[in-house]
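Okay, so here's the structure we're looking at.
Hydrogens, waters and symmetry mates are skipped; everything else that's a heavy atom, side chains included, is used. The chains referred to below are lettered A, B, ... by the order of the sequence lines, with proteins before strands, and numbering in each begins at 1.
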Protein chains: 2
Amino acid sequence: MKNTLLKLATGIVLGSALTACVNTAQTSNNAALRSTGDMGVIIERATGQVQIVNHTNKDVLAEIDGLGDLSHASIVYSRDQRYAYVFGRDGGLTKVDILKDKIDNRVIQSGNSIGGAISQDGKLVAVSNYTPGGVKVFNADTLELVATIDATELVGKPKNKDGSSVRSKVVGLVDAPNHRFIFSLFDSHEIWIADFSGHDKGEEMKLTKFTDIGYFPYDALMSPDGRYYIAGLFGEDGMAMLDLWHLDKGVTRILKDYGKGDKKLPVYKMPHLEGWAMAGDYAFMPAVGQHKVLVVNTKTWQQVAEIPAHSQPIFVMAQPDNRQIWVNFAYPDNNTIQVFNTQTFELVKTLTPGPAVLHMEFTPRGEHVWMSVRDSNEVHVYDTQTQELLKTMPSKSPSGIFFTNRAHHIGL
Amino acid sequence: MKNTLLKLATGIVLGSALTACVNTAQTSNNAALRSTGDMGVIIERATGQVQIVNHTNKDVLAEIDGLGDLSHASIVYSRDQRYAYVFGRDGGLTKVDILKDKIDNRVIQSGNSIGGAISQDGKLVAVSNYTPGGVKVFNADTLELVATIDATELVGKPKNKDGSSVRSKVVGLVDAPNHRFIFSLFDSHEIWIADFSGHDKGEEMKLTKFTDIGYFPYDALMSPDGRYYIAGLFGEDGMAMLDLWHLDKGVTRILKDYGKGDKKLPVYKMPHLEGWAMAGDYAFMPAVGQHKVLVVNTKTWQQVAEIPAHSQPIFVMAQPDNRQIWVNFAYPDNNTIQVFNTQTFELVKTLTPGPAVLHMEFTPRGEHVWMSVRDSNEVHVYDTQTQELLKTMPSKSPSGIFFTNRAHHIGL
């Protein structure tokens, strides 16, 4: 169609007014042909770029520059799926327009940040920061600052250079129903809830704090219905769980043996909790520092089985149909993926996509899975049923892959 | 695009090139500003029209004519969310382009049809037909016929006027993982699976038939992970369940008392099974002909409680966060909605939106619910947390409301 327009233009028009006119039509036509349901964004961490992709045609639509330091970057989407909010490690919050292939807005909101979330109504974007420790909340349309939530001051720590107190780093920030954000304070061992449900009516944000939740929460996840917030603990074994339907019960401890324990192997990397697969009554979790996937009953929060695996798992992810889990591994064994059956726990297949398989993303109804193979500068697409490689695409040091159906999920 | 090009061409030929140019840019810009994540389609059953809506702004973007008989019409979406496939009662299958606000294609594929589904890869659209009884499968791009699956001939029935045998009506058609369609044969008491997983490689469709599944399956649902297919039975109590992970076990019977039983009240309308709410370990089901919502344990498939309700429930729908169920009712009590807590089973609120509340649809992350109030020609939007009415929009005899996030769900 592009070609048709070009031919038409070339054939008929020589005057500059008409050329401009045809250009307008061209740009707009390209945009008009794009719907957002089968799109996604891939982080190219080394170059501060992102790729905008289409997962029906398995192709790259555009590449956007200028997003800063994208190590460990993550993304949430506006509720219409048009904008990807990219949370960079350097405190950059970049709003990318995936219909127009350009940066819509960008702010440097802190010195060092780690992830973010978008409110249920799509009006607020929150970012969790290491430096200065806390959460900043922005108007999703304009990126204007709406609220600053300072984390707890660390008493006894040397002051910052500017004389201010050092505050706890904030991690594991997720959205929860009714326009709330939940997050963990790494250094002060807390979980906080910031409730913005009255924001539309001009009411103040309400903060609820749970203290002494366990040493050094380092990451967290939310159950898909937005009920359970579960934080992993770096400083001790076990996990901290908050039932958002029963806040009066406070934070409880689950899985008391989960963690580094008396580890026999060095822990190369703490696993990502967002990768937890919940399938039926089971959660499939990466063991810390051991070559195992743990199977946990989500009613009792007791471990019921363990699955021997290739190496130390990082992400353990369930297909949307829950029939298989896909597991990647820590360095130096990170060239491998294993697929397990969620009913029999049997190994279905071992794949070796290439050096440094960092992330996986399933298509919304689960027929394919995309993988970033960082050190071969490739993104691979596999059929989940047959585990066949369907396509390889070039990408510069790809890390996170995020499809737009995330816009419609709670707690991502 | 066709129109744009025509306008451009016409404009240039007539010498009013710049006028054409401005029109082109305008049209295209409007389209370019539309992403599909927060859109939906509402059936206007009496006029053969649909409204295209946006659920962020709560407004109607367009109205499309010429879709035929839309009583009991339903919709599925293409995997990119751009096209709504509308299944009309008159056998019409209409593909509506919600970016361009127009009918992209339309075929009359049977004499009388009831619902349809789209395959996991988005390439096939299937329609279940009453007359002639069976399923037709179409190429989702072109609406070309790919396969006709004739239902079982009804031995002993008088022939059709054209001399052909009468075949069973087909109901409860859903998609399942790995490019399969599952459906029930009302008159011949069967459940069939049509497997199109080899379609891309030119392989034949494979049909698996389960017979004697119970008398007169009239509707069915699929669990959200695509595992359990459950059909309601019009001719006897109980339901028929097929575990797609264990086809060797065949169809089993669950909930042996579910149905009309020794009913004390006339059954005004058999409830819709697609409306079943599954929240945690419970399914909340409309009782047949009784003023109750049934609470069933989905592990044991035993009824564990019943909730007294305003009248005979039709749809029982869970909020995406599972905290509340919303229930509408059969004629003549269909001006009312009740909201119940899924933990305590307590009545939260009774609303009376107006005459004939036919359908409800939650926004993807559940902050709002839209309702069609047919006989006041209105669509209402409520806040799920406060149950406050937020907006009323005009709509001509609205029935089904379908948001585009359905594109990403299994079994809808």
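Among B/A407, B/S119, B/S78, the residue with the largest count of heavy-atom pairs under 4.5 Å with chain A is B/S119. Listed options B/Q385, B/K123, B/K299 were ranked by heavy-atom pairs under 4.5 angstrom with chain A; first place goes to B/Q385. With chain B as partner, the option from A/H179, A/R227, A/H409 having the largest number of non-hydrogen pairs under 4.5 angstrom is A/H409. Most heavy-atom pairs under 4.5 Å with chain A, from the set B/N405, B/N178, B/D97: that is B/N178. Contacts with chain A were tallied for B/H55, B/M39, B/Q120, B/Q81; B/Q120 has the most, counting heavy-atom pairs under 4.5 Å.
Contacts between B/Q343 and chain A at a heavy-atom distance below 4.5 Å involve the side chain alone, from C-beta outward. There is no contact between B/L412 and chain A, counting heavy-atom distances below 4.5 Å.
Salt-bridge annotation for A/D225 and B/R323: absent, with no side-chain N of the basic residue lying under 4.0 Å from a carboxylate O of the acidic one. Ion pairing between B/D175 and A/R365 holds under the 4.0 Å rule for side-chain N and carboxylate O. A salt bridge is defined here as a Lys NZ or Arg NE, NH1 or NH2 lying under 4.0 Å from an Asp or Glu carboxylate O, and B/E367 with A/R79 meets this definition.
With rounding to the nearest 0.5 Å, the separation of CH2 in A/W245 from OG1 in B/T342 is 4.0 Å. Atom-to-atom distance recorded for A/D281:CG and B/D281:CG is 6.5 Å, nearest 0.5 angstrom.
Within the 3.5 Å criterion, the main-chain N or O of A/D38 finds no donor-acceptor partner in the side chain of B/H408. B/T36 places no side-chain N or O within donor-acceptor distance of the main-chain N or O of A/S35, the cut-off being under 3.5 Å.
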